[in-house]
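Heads up, the thing below is written out as structure tokens.
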Amino acid sequence: MSSLGNLGDGFLTILTPMNMLWVLVGALLGTAVGVLPGLGSAMAVALLLPVTFSLDPVGAFIMFAGVLFGGLFGDSTAGILMNTPGNSTAIAGSIEGHRMATSGRAAQALATAAIGAFIGGILSSALVVFFAPSLAELATLFGPAEYLALSVFAFVAISAVVSESVLRGLAALVIGLAIALVGVDGMSGTARFTGGMPELFDGISIVVITVGLLALGEVIAVAARRGTKEDLRVMPSTGRLWLSRGEIRLAIPAWLRGTAIGVPFGIIPVGGSEVPTFLAYGTERRLGSRRADSMFGKGAIQGVAGPEAAGNATAGTAMGALLALGLPTSATAAVMLAAFRQYGLQPGPLLFERASELVWALLASFFVAMAVLLVLNLPFAPLWAKLLKVPRHYLYSGITVFAMLGVYATSSKILDLVLVLAIGLLGFAMRRYGLPVAPVLIAVILGPLAETEFRRAMAVSEGDPSVLVSSPITIVLYLVLALGVTGLLVQRARNRRRTIASGATAS
């Protein structure tokens, strides 16, 4: 009851004309920055830090809340419409979202993303208000072996699920791990696969890889089909704003499952929302493959709903971990930590006592920001979708220029533009030969984490490999993974036999 009373006081603080204006400004700025490739909510908050020096702390952090969630929606908008996610957290939702857009359901995809973001954000914010101390205890259960098990689970689950061939999925995973090895080894300081170029010592940026594989690879693939029947087909209508009863029936469980997957990952410092969004996508794809009318690969609404809810749920509980523990579990949370220190505040248990008005106003602003974003973005979904009505040669040339500018703006390196082109050609080759792109991205994102945690576990145990399966969490993760992959292989073998049998009967 005390939490409810404090939250009520927070709403009284925020529901003033000036503070509501800061929420609106933050939501609009976050969405606008999120649409740009390579920029996201973390970059938006960082860019706005100097601007907020003249604001009082409550107004500044209320605006940051709007920027945080607005950036997440902007990331998804770019990914769904142009296959250029503004940030890596939107990659998983873009896989099916862009397919929905190109099949004439862009508005439905954007509406699904907006509602999923709202549900994930609202539920996670409610959990933060009531259960922040209990959720924080989850972080203490994860050590090096658990992080490694989590990474392996994500690697194999995604690789096995997203492709019809497990071997092709694993081949794509190996490509991603090879790309992730480029740069200076964090533990030994040894340069790996850099060719002696100092520009590669920090590795290849995830922005470069994402834009190259998803955006430029798609542009080259479209250009390669020039003059074919597929190229000459007219882009279908941009769809309707509302979701049908059947679509809502499919989306609601996916929204709830995505939220449940995303909530714990806001507390666990795995670097952001990439892991839960890909796990949510893998879960939805695995469940969808059991349906005879599965739309996965053609634009499944569950493939957008699950990752979007997971991403916003993770963002909400990440802010809870920052406020309750002072633990930044994502890039955005780290920038927010810098913002707190700018005002002479240190997040942690004492913050609730020393600056309770600010904390509860910030928590209340999460709810208000999500509602403002839903009201702003739902009506504009069909307007955004009209981008797909632009003639193809203009649209894809614009995407290319837009993507290249985004990459150059984040690093100011000519080498990154060369790398984008090379990775774009790799993405085209993967599309040409049926290799899935998602395992490459999850390997690039989680590969460094898996390597670091494996070496840390080996160092702590003095080389004893049994430490990797010495806790209940690791055992459960590996067992679930083994059972899931085995079940998937058995199901595909049965489907193959049925197809062969039906073909023999028809002949």
Side-chain angles (χ1 to χ4, degrees), residues 24 26-44 66-121 207 210-211 214-215 218 235 238-243 251 255 258 273-274 277 281 299 301 303-312 315 332 369-370 372-390 395-396 398-399 401-403 405-406:
L24 180 62
L28 290 172
L29 286 175
T31 303
V33 174
V35 169
L36 300 175
L39 305 181
S41 50
M43 182 66 74
V67 170
L68 168 66
F69 292 108
L72 290 172
F73 185 80
D75 295 342
S76 304
T77 301
I80 288 169
L81 294 181
M82 297 180 289
N83 211 21
T84 56
N87 212 348
S88 54
T89 56
I91 294 171
S94 301
I95 297 171
E96 293 298 320
H98 186 63
R99 287 169 180 158
M100 286 183 69
T102 53
S103 65
R105 294 179 292 149
Q108 291 101 301
L110 291 171
T112 302
I115 298 170
F118 176 78
I119 291 173
V207 175
T210 302
V211 171
L214 295 182
E218 180 70 15
M235 185 69 75
T238 56
R240 61 188 186 280
L241 171 60
W242 63 91
L243 301 178
W255 284 326
S273 306
E274 293 89 349
T277 52
Y281 174 75
I301 199 166
V304 179
E308 289 304 319
N312 272 52
T332 307
M370 295 307 307
V372 167
L373 279 163
L374 188 68
V375 171
L376 277 177
N377 287 309
L378 262 185
F380 283 104
L383 187 62
W384 280 111
K386 287 188 185 298
L387 278 174
L388 296 177
K389 287 292 185 183
V390 176
L395 178 63
Y396 283 100
I399 289 172
V401 173
F402 197 55
L405 284 174

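Quick note: residue numbers are just sequence positions, from 1.
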Nearest heavy-atom pair of [X] and [Y]: which atoms, and what distance?
X      : Y      : result
Asn312 : Met370 : ND2-CE, 3.5 Å
Val304 : Gly93  : CG2-O, 3.9 Å
Pro307 : Tyr281 : CG-CB, 3.9 Å
Ala113 : Ile80  : CB-CD1, 3.9 Å

Residues in side-chain contact (heavy atoms from CB on, under 4.5 Å) with Ala315, at least two apart?
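By the side-chain contact (heavy atoms from CB on, under 4.5 Å) rule, Ala315 matches Phe69, Leu72.
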
Residue list, side-chain contact (heavy atoms from CB on, under 4.5 Å) with Leu374, at least two apart or on another chain:
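Per chain and number, Leu374 pairs via side-chain contact (heavy atoms from CB on, under 4.5 Å) with Ala114, Ile115, Phe118, Leu378.
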
Any chance you could measure Ser94, atom OG, to Glu308, atom CD, to the nearest 0.5 Å?
7.5 Å

